[in-house]
Structures are given as C-alpha cells and as structure tokens.
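Comments concern the structure below.
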Amino acid sequence: MKKIIVANWKMNPESLIKAKSLFNSVKKGLSNLNKAEVVICPPFVYLSELNKLRKKSKIFIGAQNCFWEEKGAYTGEISASMIKSFCKHVILGHSERRKYFNETNEQIREKLKKALDSGLIPILCIGETDKERKQGKTKQVLKKQIQESLKKISKKNISKIIIAYEPVWAIGTGNACSVKQSFKAREFISSLFSSKVKILYGGSANSNNSLDYLYEAEFDGLLVGGASLSSKEFLGIIKKL
Ligand code: PGA
C-alpha cells in the first residue's frame with residue numbers, strides 16, 4: 001500500500017514565482033513514487049498554475065479549504081466545484097481554521113458533503129489541544145469531532161475520506177507527538193469506524209521522524225506543514241520510504 005504524503009503549504013510561499021519554483025524542485029527530485037502518493041496543497045490562488053505544472057508528473061494537487069455552498073452571495077468564499085478542476089483533494093477542518101475562523105464540526109460536515117458531491121477526496125483534520133490532552137480528554141475530543149462531522153454521511157462516502165490526526169499542540173511547534181501516543185490515537189480513531197479508513201499523522205512531521213509514524217505507529221501517510229516548504233526536507237521524507 002502506498003503511503004500518502006501530503007504537503008500543507010498553508011499561506012506560503014509569498015509569491016507565485018516562489019510557489020512554482022518550490023513545486024518544480026519537488027517534481028524534479030521525486031523518486032520512490034511506487035511507495036508514495038504525493039499531494040501538494042498550495043493556497044487557492046496558485047492552484048491553477050500548479051495544476052498546469054503537475055502535468056506529466058504523478059503529483060496530485062489539493063486545496064486547503066472549500067465552502068459548503070455551490071455558488072451565490074458569499075463574498076470571499078470558494079466552492080468545492082470551483083476547485084474540482086484543479087484538485088483531487090481538499091483539506092477540511094484544519095485546526096487553524098477551527099481556531100482562527102471558529103469553524104465548527106457542523107460546518108465542516110457541510111463542507112465535507114459538498115466536497116464529496118463534487119468528487120473531491122476530503123482530508124478531514126482532527127486533534128486535541130494541549131489543554132484537552134492534559135485533562136485526559138483526547139479520546140472524547142476525537143470521537144466528538146468524528147461523530148459530529150461525519151453524521152449522516154453514508155458509509156460509502158465515509159470510505160472515501162482520509163482522516164488526518166493532528167494533535168494541535170504538535171503543529172508547528174517542533175514538539176512532535178511521541179510514537180506511542182500517536183499509535184494509541186490512531187488505534188482509537190480506527191476503532192470508531194466499521195471499515196478500514198486511511199489515517200495520516202500531522203504535527204511537526206519531518207524526515208527524521210517520518211518513518212516512526214509511518215511504520216511504527218502504522219499511519220497510512222503524513223500531513224506535512226513546515227517541512228513541506230523545503231523541497232529537500234519534503235523529498236527527504238519521500239526518499240526514506
Ligand atoms: P507542521 O504542520 O508540520 O508545521 O506541524 C502540520 C499541519 O498543520 O498540517
């Protein structure tokens with residue numbers, strides 16, 4: 001089974017020229033594609049150009065968000081069907097969206113439904129905060145996020161979704177989750193589904209710790225933030241597979 005290595009560029013890099021250059025360096029250096037499925041998720045405005053560059057490579061493009069309506073008076077929003085022509089995947093429910101834009105599980109569910117209807121593969125992010133972890137609420141939080149955001153979504157559609165376990169306290173901190181802890185979380189998340197679901201790990205993942213998550217904690221892939229902004233580091237993760 002190929003490992004799914006997803007780059008979440010967040011609001012980076014700061015120009016299209018830099019985005020193209022980063023994309024091309026990844027494309028040029030890619031090897032090991034029999035072991036990895038690579039997805040790059042740049043900001044919306046770069047999707048179209050990077051989708052042109054991806055031609056003849058095996059890299060997939062993903063978006064970092066989408067809205068739950070199809071079209072209309074929703075200033076600043078972008079629908080799932082609008083991004084569908086450039087993307088195969090869409091990240092939904094990232095903790096930064098939950099934190100800075102107060103996204104709720106219910107809103108994430110509406111987005112998930114639209115993404116699925118449009119034929120996109122959603123990457124649903126879940127994870128506990130540091131406070132929740134210290135209060136021993138990790139399982140409770142993960143269960144609530146899964147149950148509320150997948151409520152009334154058919155089994156068939158659920159099987160198309162990729163889950164990303166991203167402990168919030170490990171994101172962008174360099175303080176990656178221990179293998180043991182991530183393994184436990186992954187097992188718990190799996191137990192909430194009646195059939196196999198792909199689960200990624202995210203949170204300070206890099207080329208030094210990637211194999212621990214992929215082979216020891218048995219994740220199906222990684223969602224990589226900071227380390228995906230350096231082609232050398234990102235390619236390092238893929239080369240090690
Ligand atoms: P990080 O981000 O790898 O920089 O911790 C991961 C993410 O937010 O998806």
Side-chain angles (χ1 to χ4, degrees), residues 3-14 18-19 22 26 36-44 46-47 59-66 87-103 108 111-112 115 120-130 132-133 138 141-142 145-146 149 161-179 181-182 185-186 189 198-214 217 219-241:
K3 296 291 186 186
I4 308 165
I5 311 296
V6 184
N8 176 11
W9 285 2
K10 308 194 180 186
M11 201 170 74
N12 298 294
E14 62 273 48
K18 288 186 182 173
L22 176 57
V26 172
E37 183 170 309
V38 177
V39 184
I40 294 188
C41 304
F44 283 131
Y46 305 149
L47 289 174
I59 301 175
F60 295 109
I61 305 286
Q64 300 170 16
N65 183 29
C66 69
C87 300
K88 186 172 179 213
H89 301 74
V90 60
I91 297 173
L92 291 174
H94 191 280
S95 63
E96 285 151 16
R97 298 221 44 97
R98 293 177 192 259
K99 180 177 169 194
Y100 299 119
F101 306 98
N102 300 316
E103 275 193 16
I108 293 160
K111 293 182 175 198
L112 270 170
L120 289 162
I121 300 173
I123 301 171
L124 169 64
C125 300
I126 56 170
E128 79 287 1
T129 61
D130 194 36
E132 289 161 343
R133 175 176 66 123
T138 300
V141 170
L142 297 177
Q145 287 175 333
I146 298 245
S149 43
I161 296 172
I162 298 172
I163 306 289
Y165 170 58
E166 297 209 299
V168 179
W169 47 273
I171 295 179
T173 56
N175 179 21
C177 184
S178 74
V179 177
Q181 228 172 322
S182 68
R186 191 196 54 70
I189 296 165
K198 288 177 185 150
I199 308 174
L200 315 181
Y201 170 79
S204 297
N206 56 43
S207 62
N208 289 325
N209 59 25
S210 55
L211 296 184
D212 299 345
Y213 296 116
L214 295 173
F219 280 88
D220 299 293
L222 297 169
L223 181 51
V224 188
S228 71
L229 295 173
S230 147
S231 57
K232 191 166 167 246
E233 185 59 29
F234 188 63
L235 289 167
I237 295 174
I238 297 160
K239 277 182 192 142
K240 278 195 170 174
L241 294 172

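As the structure lists them, so they are numbered: ligands from 1, and atoms in each ligand from 1. FYI, side chains are in, hydrogens and waters are out, and symmetry mates aren't considered; it's all heavy atoms of this structure.
Between Thr173 and ligand 1, not a single N/O pair is under 3.5 Å apart. Among the atoms of Ile171, none of the N or O lies under 3.5 angstrom from an N or O of ligand 1. Between Leu223 and ligand 1, no pair of N/O atoms sits closer than 3.5 Å. Ligand 1 has an N or O atom lying under 3.5 Å from an N or O atom of Gly226, backbone or side chain.
Heavy-atom contacts of Gly203 reach the following atoms of ligand 1: 5 (O) (cutoff under 4.0 Å). Atom numbering of ligand 1 starts at 1 in the shown order; those under 4.0 Å from a heavy atom of His94 are 7 (C), 8 (O), 9 (O). Taking every heavy atom of Glu166 and a limit of under 4.0 angstrom, the matching atoms of ligand 1 come to 6 (C), 7 (C), 8 (O), 9 (O). Residue Gly225 approaches ligand 1 through these ligand atoms, each under 4.0 Å from one of its heavy atoms: 1 (P), 2 (O), 3 (O), 4 (O), 6 (C). Within ligand 1, the atoms closer than 4.0 Å to a non-hydrogen atom of Gly172 are 1 (P), 4 (O), 5 (O), numbered from 1 in the order shown.
Residue contacts with ligand 1 do not include Gly202, since none of its heavy atoms lies under 4.0 Å from the ligand.
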Exercise for review: List the steps and the verdict of salt bridge (charged side-chain N to carboxylate O under 4.0 Å, His left out) for Arg133 and Glu128.
Suggested key: CA-CA 6 Å; Arg133 175 176 66 123; Glu128 79 287 1; 5.1 Å; no
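Using a 4.5 Å heavy-atom cutoff, the side chains of Val168 and Glu132 are not in contact. Put simply, the side chain of Val26 reaches to within 4.5 Å of the side chain of Leu235, judged on heavy atoms.
Few gaps surround NZ on Lys240; more than 12 heavy atoms of other groups in view lie less than 6.0 Å from it. Within 6.0 Å of NZ on Lys10 lie more than 12 heavy atoms contributed by other residues, nucleotides or ligands.
Ring-plane geometry between Tyr213 and Phe219 is classed as perpendicular, the angle between the planes exceeding 60 degrees on a 0 to 90 degree scale with a lower cut at 30.
A distance-only check finds a donor-acceptor pair linking the side chain of Asn209 to the backbone of Ser204 [under 3.5 Å].
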